[in-house]
2 protein chains.
Amino acid sequence: MSLKIKDIAEKANVSVATVSRVLNGSDKVSQETREKVMEVIEKYNYQPDKIATSLRRKKTGIYGIIFSVKGGKVLEDTYSTKFLKGVLNYLSKKGLKLIVDIHESSDIVEYYDSVIQSKIIDGFILLDLRKNDERIKFLNQKKFPFVVIGRNDENDFVYVDSDNVSGAYMAIKHLEELRCKRVLYISGNEGIPVSEQRLRGVESASNDLNVSVDVVYGDFDEEKTVEILKSILKKGFDYDGIFCASDTMAYAAIKFLKRFGIEVPIIGYDNIPLSEVVGLTTVDQNIIKIGYSAAQALDKMVNGEEVVSLVVPSKLVKRQSTLNFSKRYFK
Amino acid sequence: MSLKIKDIAEKANVSVATVSRVLNGSDKVSQETREKVMEVIEKYNYQPDKIATSLRRKKTGIYGIIFSVKGGKVLEDTYSTKFLKGVLNYLSKKGLKLIVDIHESSDIVEYYDSVIQSKIIDGFILLDLRKNDERIKFLNQKKFPFVVIGRNDENDFVYVDSDNVSGAYMAIKHLEELRCKRVLYISGNEGIPVSEQRLRGVESASNDLNVSVDVVYGDFDEEKTVEILKSILKKGFDYDGIFCASDTMAYAAIKFLKRFGIEVPIIGYDNIPLSEVVGLTTVDQNIIKIGYSAAQALDKMVNGEEVVSLVVPSKLVKRQSTLNFSKRYFK
DNA sequence: AGTTTTAATGTAATCGATTACATAAAGAGA
DNA sequence: TCTCTTTATGTAATCGATTACATTAAAACT
């Protein structure tokens with residue numbers, strides 16, 4: 001049906017080798033021949049078969065992301081989509097492709113192995129990094145290219161991460177600018193890197209600036225947040241500002257405290273769509289940029305270039321949940 | 001590095017043809033030989049190179065979805081993700097892969113053509129169907145397999161669509177059950193299939209049941225909705241129920257009317273995440289199922305099976321925006 | 001002019017599978 | 001026992017590119 005390199009070669013009166021050379025710009029082909037061949041290629045709108053090319057070159061130009069299915073909550077948040085968008089922005093610019101896949105979290109290493117063996121993919125982007133992640137050990141040992149989103153203590157890999165430290169710092173700084181003196185920070189789960197990084201930012205801001213911050217460990221979710229606030233209320237609530245490690249927590253806090261007539265500046269983290277609707281001030285982690293950079297890093301790595309890990313800055317999105325309080329002091 | 005069929009053949013003391021036969025279960029291989037070969041395959045954890053297989057078979061086992069970038073609002077909603085999830089649920093079960101891609105809406109046909117010519121993909125799923133869609137003409141003419149999400153009047157293709165007619169019918173029926181008599185339906189843009197289908201459901205319910213429905217055309221968005229309500233308020237608002245063609249519209253309506261002290265049962269369409277938070281009753285379109293079915297249909301089509309188009313039923317999710325009013329009458 | 005170098009192109013092997021065709025061995029039928 | 005099937009397996013072509021190596025012609029050098 002569709003033309004192959006041999007057909008083009010015949011029509012242009014040259015050998016397939018010459019057509020291939022023209023196609024790949026590389027070798028020395030005379031200007032004359034090059035033009036003659038290009039003419040035929042354009043006339044017939046010829047494009048090489050990527051499968052054949054891949055077989056020969058041992059490189060497909062396809063990268064992979066495998067979402068682990070746990071509980072079924074994969075690919076339901078806007079995080080995944082924004083991330084994909086960033087990745088695709090880079091890849092589409094380069095004519096590269098992305099395979100998106102899902103798999104149960106069990107046997108995950110085996111699954112990566114089978115994908116590698118199938119030879120379809122040149123490299124992976126890893127999401128949902130865990131402590132002591134088996135995938136990383138495996139891929140490192142296989143010397144198969146990959147880039148990780150997020151980081152942990154080991155860091156025997158190239159990663160792209162959002163700057164949780166400065167993100168949290170900005171949040172506290174903003175509260176300080178609103179004249180908050182005693183801030184409550186409800187952290188995410190203890191012991192995971194994201195929580196530790198954000199806590200570091202909080203503490204660093206509290207040291208630099210004129211704010212005292214109390215830290216309580218939550219778990220990124222609503223229920224636990226309410227529980228924490230309940231026990232604090234019992235002892236008497238005397239904070240004049242709250243920072244939560246996620247928007248979900250912050251939203252829960254606002255709703256809960258309102259019932260007790262308590263209204264203080266509150267900041268969340270993540271900038272989920274709901275936050276825009278309810279006017280929650282929050283830290284926005286440029287997820288698109290993270291995706292873009294990860295794809296770029298992976299691509300460089302696959303092509304043998306030197307690659308360094310990267311921390312992408314976040315920005316504070318100021319909305320009513322804090323701005324309403326600025327009127328009290330300014331203007 | 002990794003083993004090829006030739007290595008397996010040598011280790012098992014048979015020819016590559018025999019190994020291939022064992023691999024593909026097909027031909028007649030003696031029980032004895034089959035076991036001998038399987039043993040070697042398992043011992044070395046051999047897996048065929050999919051690129052080589054694809055070249056020979058002229059089929060890759062990879063399907064494609066191309067998101068059109070227009071304005072930049074692609075892949076930002078939960079629709080895309082849920083849809084992907086459905087597609088992936090099917091494909092991963094079958095060991096098939098999905099390439100997710102984006103492209104400017106201009107030159108879109110050319111882009112599909114180039115993807116086809118690259119031979120990477122066995123078939124497409126088309127999103128964002130338009131009237132008189134060029135892609136469909138092109139793919140039909142090329143006889144390249146594809147399945148469409150949504151449908152239009154032409155329907156010279158296989159599609160999977162959500163049942164907008166019955167979705168809208170259920171909404172009106174629910175309002176009727178709450179004893180609404182005069183309902184306002186704010187439709188989506190006039191002239192597009194989704195709007196027409198939903199309108200059909202509304203009208204059919206209005207005929208069957210004891211409700212009168214006034215229809216106004218909006219555009220699925222907030223601003224226009226508010227505009228419409230403003231002009232209605234001027235003439236005097238005497239509806240006892242509202243149905244909107246999207247959750248975004250419904251949420252805008254609730255917010256706007258509240259300012260005038262108007263509170264009536266309101267139903268939206270789409271079940272966006274916000275709706276759960278604010279308690280909006282809405283029609284949920286089972287997007288995951290739609291994705292799953294589309295992938296399945298495409299797969300059948302590629303494998304030469306007979307395929308029929310499919311309409312996936314939606315369900316009504318009842319929440320406070322209507323249930324609050326049921327107390328007025330029942331209990 | 002004769003030899004060497006350089007540039008341009010062609011020939012054929014290769015990537016790793018599948019499969020049409022060939023062949024050998026075993027079983028069936030006479 | 002001899003021929004005819006049938007069954008199991010092997011040989012080699014093929015998919016459509018890339019590329020090492022060979023070859024030829026032209027340019028450069030002595």
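Quick note on labels: first sequence line is chain A, next is B, and so on, each numbered from 1. Keep in mind the model is a prediction, meaning the values are calculated, not measured.
- Out of dT18(C), dT19(C), dT9(D), the shortest distance to the side chain of Val29(B) is found at dT9(D).
- Residues from residues 3-16 of chain A that place a heavy atom under 4.0 Å from any atom of DNA chain D, listed by number: Lys4(A), Ile5(A).
- Across the protein-nucleic acid pair, Leu55(A) atom CG and dG16(C) atom P stand 7 Å apart, rounded to whole Å.
- Atom CD of Gln117(A) and atom C1' of dA17(C) are 15 Å apart (whole Å).
- At the heavy-atom level, Lys58(B) lies under 4.0 Å from the strands shown only through sugar-phosphate atoms.
- Atom NZ of Lys137(A) is surrounded by more than 12 heavy atoms from other residues, nucleotides or ligands within 6.0 Å.
- For Gln285(B) against Ser162(B), the heavy-atom pair with the smallest separation is OE1-OG, 2.7 Å.
- Between the P atom of dA8(C) and the CD atom of Glu32(A) lies a distance of 11 Å, rounded to the nearest Å.
- Separating the CD1 atom in Ile65(B) from the CZ atom in Phe124(B) is a distance of 10.5 Å, to the nearest 0.5 Å.
- Residues Asp299(A) and Tyr63(A) bring a donor and an acceptor atom of their side chains to less than 3.5 Å of each other.
- For the pair Tyr46(B) and dA17(C), the criterion of a side-chain N or O lying under 4.0 Å from OP1 or OP2 is met.
- Distance, Lys50(B) NZ to dC15(C) C1': 18 Å, rounded to whole Å.
- Atom CD1 of Ile51(B) is separated from atom C1' of dA17(D) by 13 Å (rounded to the nearest Å).
- For the pair Pro313(B) and Asn286(B), the tightest heavy-atom approach, listed with the atom from each and the gap, is O-CB, 4.1 Å.
- Residues Lys36(B) and Asn13(B) bring no donor and acceptor atom of their side chains to less than 3.5 Å of each other.
- Across the helix from dA1(C)-dT30(D) to dA30(C)-dT1(D), the helix axis at one end is tilted relative to the axis at the other end by 50° (nearest 10 degrees, each axis from five pairs).
- To the nearest angstrom, P of dA17(C) lies 21 Å from NZ of Lys119(B).
- Annotation: of the two residues near DNA chain C, Thr18(B) and Ala52(B), the 5′-most nearest-nucleotide partner is Ala52(B).
- More than 12 non-hydrogen atoms from other residues, nucleotides or ligands lie less than 6.0 angstrom from NZ of Lys142(A).
- Taking atom CZ on Arg21(A) and atom P on dT19(D), their separation rounds to 10 Å, with Å as the unit.
- Heavy atoms of Thr53(A) sit under 4.0 angstrom from primed sugar atoms or phosphate atoms, though from no base atom.
- Considering only side-chain N and O atoms, Ser54(A) lies nowhere under 4.0 angstrom from the phosphate OP1 or OP2 of dA17(D).
- Following rounding to the nearest Å, Arg56(A) (CZ) and dA17(C) (P) show an atom-to-atom distance of 15 Å.
- Within a 6.0 Å radius of CD in Gln141(B), other residues, nucleotides and ligands contribute more than 12 heavy atoms.
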Just distance, no hydrogens or angles: give the donor-acceptor pairs under 3.5 Å from side chains in residues 103-110 of chain B, sequence neighbours left out.
unit_1: Ser105(B); atom_1: OG; unit_2: Val69(B); atom_2: O; d: 3.2

